[in-house]
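When a ligand or atom number is given, it counts from 1 through the structure's own listing order. The first residue of the sequence shown is numbered 1, and numbering continues consecutively from there.
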Amino acid sequence: MEFYIYENWVASDKAVIHYGTCPFCNNGEGTGRGSLGDKNGRWWGPFTTSDEAFKKAGTLNRKEVAYCQHCFKKI
Ligand SMILES: [Zn+2]
């Protein structure tokens with residue numbers, strides 16, 4: 001299992017942790033629909049555990065670190 005962080009500084013000042021399999025993450029590729037590309041943020045990862053991703057997210061100096069409501073809710 002792999003985890004990724006999406007760091008966003010345009011829509012909101014936060015870092016969101018995703019499973020690689022999440023459709024919003026797509027193994028760090030995102031949705032590939034343009035509007036959510038590099039202009040709005042960037043992907044970090046992969047990380048082997050959610051703890052590791054959480055620790056990294058904490059070093060990005062975003063106001064908020066969150067787990068994706070889509071992929072983490074299902075587990
Ligand atoms: Zn997700």
Requested in this report: Would you mind naming the N, O or S atom of His18 nearest to the Zn ion (ligand 1)?
Outcome: ND1

**Report entry** Test item: Trp9 and Arg62 side chains (from C-beta on) under 4.5 Å apart, heavy atoms
**Finding:** yes

Report task. For the pair Tyr4 and Trp43, name the ring-plane relationship: parallel under 30°, tilted 30 to 60°, perpendicular over 60°. Result -> perpendicular

Requested in this report: Check whether any side-chain heavy atom of Phe24 sits under 4.5 Å from a side-chain heavy atom of Val16, and report yes or no.
Outcome: no

Query - Name of the residue among Tyr19, Tyr67, Phe54 meeting ring-ring contact (aromatic ring centres under 6.0 Å, His included) with Phe3 - result: Tyr19

Report task. Decide, counting backbone as well as side-chain atoms, whether His70 has an N, O or S atom less than 2.8 Å from the Zn ion (ligand 1). Result -> no

Query raised in the report: Strictly under 2.8 Å, is any N, O or S atom of Cys25 next to the Zn ion (ligand 1)?
Result: no

